[in-house]
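Below you'll find the structure, written out as structure tokens, and then a few comments.
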Amino acid sequence: MKIDELNISIIRHLQQGRKSYKVIADELGVSENTVRSRVSKLEYEHVLEIKGLVDPEAIPRHRIVMVGVKLSTMDLVKKGEEFSRIRGVVSVSVVTGRFDLILVVLLKEGFGLLEFYTQEVSKLDGVQSVETFVVYKSYNLKIPYIF
């Protein structure tokens, strides 16, 4: 299937999901109000976020990269939160090993690696080094469309 701008617009509108609370309630054998209140609480507690996800390989002129970040500070959680707010970042994980953070980044035409590093990462203090891993092919990777 070809993904065009209309498809991308539809994906943006699917952020609230499609399955009705009634269908879920019927399948689980509980009331619709039970499902509604449970979902509301999960969303309020930031345990659940209902979003439409897309296969990034299906979107023309978009690319996923993974970025390993080595920090010059041990305030990993704070730095992870900072990275999570910059343009292009889909997710940030604090990890063990030679990197402190692993980022999943969505790039698109007009916002490539150069722009990501010079316009976004360069604004953050405490970055010792980065290493970029271009994803040629992924399996089971679905992401929110963030642009």
Distance check, rounded to the nearest 0.5 Å: I24 atom CD1 versus E27 atom CD?
7.5 Å

Verdict with reasoning, S31 to T34, per side-chain hydrogen bond (donor to acceptor under 3.5 Å, both in side chains)
CA-CA 5 Å; S31 74; T34 297; 2.8 Å; yes

Does any N or O in the side chain of [X] come within less than 3.5 Å of the main-chain N or O of [Y], such that one atom is a donor and the other an acceptor?
| X | Y | value |
| --- | --- | --- |
| S93 | V95 | no |
| S72 | Q128 | no |
| S84 | E81 | yes |

Which pairs would a plain distance check flag for residues 137-144, meaning a side-chain donor or acceptor within less than 3.5 Å of a matching protein atom at least two apart in sequence or in another chain?
unit_1	atom_1	unit_2	atom_2	d
K137	NZ	E57	OE1	3.3
S138	OG	E57	OE2	3.0

Minimum heavy-atom distance L76-L101, with the two atoms named
O-CD2, 4.0 Å

Over all heavy atoms of both residues, which pair between I102 and F99 is shortest? Give the atoms and the distance, please.
CD1-CD1, 4.1 Å

Could you tell me how the ring of F116 sits relative to the ring of F111: parallel (under 30°), tilted (30 to 60°) or perpendicular (over 60°)?
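Plane angle over 60°, so perpendicular.
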
Has K70 got more than 12 heavy atoms of other residues, nucleotides or ligands less than 6.0 Å from its NZ?
yes

So which pairs with a foot in residues 106-121 pass salt bridge (Lys or Arg N to Asp or Glu O under 4.0 Å), sequence neighbours left out?
R61-E109, R87-E120

Could you state whether L114 and L124 fall into the same hydrophobic cluster, counting links through intermediate Ile, Leu, Val, Met, Phe, Trp or Tyr residues with side-chain heavy atoms under 4.5 angstrom apart?
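Different hydrophobic clusters.
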
